[in-house]
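Heads up: the structure comes next, in structure tokens.
These numbers come from the heavy atoms of this one structure, side chains and all, not from hydrogens, waters or symmetry mates. Per chain, numbering begins at 1; letters A, B, ... match sequence-line order.
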Amino acid sequence: NPKSVAKDEL
Amino acid sequence: MNIFRLAGDMTHLASVLVLLLKIHTIKSCAGVSLKTQELYALVFATRYLDIFTDFISVYNTVMKLIFLGSSFSIVWYIRRHKIVRRSYDKEQDTFRHYFLVLPCLLLALLIHEKFTVKELLWTFSIYLEAVAILPQLVLLQRTRNIDNLTGQYVFLLGAYRSLYILNWIYRYFTERHFVHWITWIAGLVQTLLYADFFYYYFESWKNNVKLQLPA
């Protein structure tokens, strides 16, 4: 399932 | 990494560097809200905790270090620098930013994705970033006019948030990557806060008059 939260963002 | 995300990060980087450069060059922080800068330093300190545990990319780590360094430097300049601190408008910059921190903390305790310290602090930083600009906007309203660098600072921050929303839309349709609704709402609220500023900023730019915010 797609990653839920944009943790790779700033 | 899509173009919206990169452009968003670059405008965000520009906003803090423009501000730091202004303060360093003219040794003045007139028109700058220390409260907003302290809130941003807190946002970065609570969001970038993973800098030592999760390595995502060199770009990600370098940008986090720059944001942490620049936001704390700006706070240091306004609080400690013997010349800059004299131009800080203490009487006007009176927004009780603790009234922003506490509700964000409570909201993070109520609405979060995982109940871990790192996740709670991360969620707190998302909420806090959404409202961190308020003391600056209030200060701009009070001081009535905007010297262009502070106007540019708020403008660039607004642009960064708008680009991030485009980035989330893009990622939703391409990577089937969806941003958690918490992040969506906080991001939208934050961007809407800039909307009226944008309107007056463009009005003043179009009519080539000094930017005046209505009281």
Side-chain angles (χ1 to χ4, degrees), chain A, chain B residues 1-2 4-6 8-13 16 43-44 47-51 53-57 59-68 71 112-114 118-119 122-123 125-126 129 160-161 163-165 167-184 186-187:
Chain A
N1 69 327
K3 278 184 297 172
S4 70
V5 181
K7 284 294 194 312
D8 63 340
E9 295 177 349
L10 291 170
Chain B
M1 163 96 71
N2 63 67
F4 302 113
R5 161 82 196 283
L6 183 63
D9 287 346
M10 291 306 112
T11 39
H12 191 196
L13 183 67
V16 288
V43 166
F44 293 137
R47 182 175 307 175
Y48 297 157
L49 296 174
D50 60 351
I51 195 168
T53 53
D54 314 334
F55 178 79
I56 292 167
S57 69
Y59 171 82
N60 195 273
T61 304
V62 167
M63 290 295 275
K64 285 176 177 176
L65 290 172
I66 293 174
F67 283 133
L68 282 166
S71 60
H112 45 264
E113 207 185 338
K114 279 182 303 192
K118 198 165 77 167
E119 188 67 24
W122 187 85
T123 312
S125 83
I126 293 288
E129 186 188 7
Y160 136 68
R161 285 318 303 183
L163 287 163
Y164 249 63
I165 287 180
N167 154 59
W168 291 337
I169 294 168
Y170 178 88
R171 292 186 79 175
Y172 180 81
F173 288 112
T174 53
E175 303 165 28
R176 296 305 306 138
H177 171 111
F178 63 98
V179 165
H180 198 281
W181 61 273
I182 293 177
T183 317
W184 260 115

A:K7 versus B:E119: any side-chain heavy-atom pair under 4.5 Å?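 When only atoms from C-beta onward are counted, B:E119 and A:K7 do touch, with a gap below 4.5 Å.
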Are there more than 12 heavy atoms of other residues, nucleotides or ligands under 6.0 Å from atom NZ of B:K118? yes
Take a 6.0 Å sphere around OH of B:Y172 and say whether it holds more than 12 heavy atoms from other residues, nucleotides or ligands. no
Sort [X] into side chain, backbone, both or neither according to what part of it lies under 4.5 angstrom from a heavy atom of chain A.
X	result
B:N60	both
B:Y164	side chain
B:W181	neither
B:N167	side chain

Rounded distance (nearest 0.5 Å) linking atom CG of A:L10 with atom CZ of B:F44: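 So the gap between those two atoms works out to 8.5 Å.
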First locate atom CZ of B:R5, then atom CG of A:D8, and finally report the distance between them rounded to the nearest 0.5 Å.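 So the gap between those two atoms works out to 6.0 Å.
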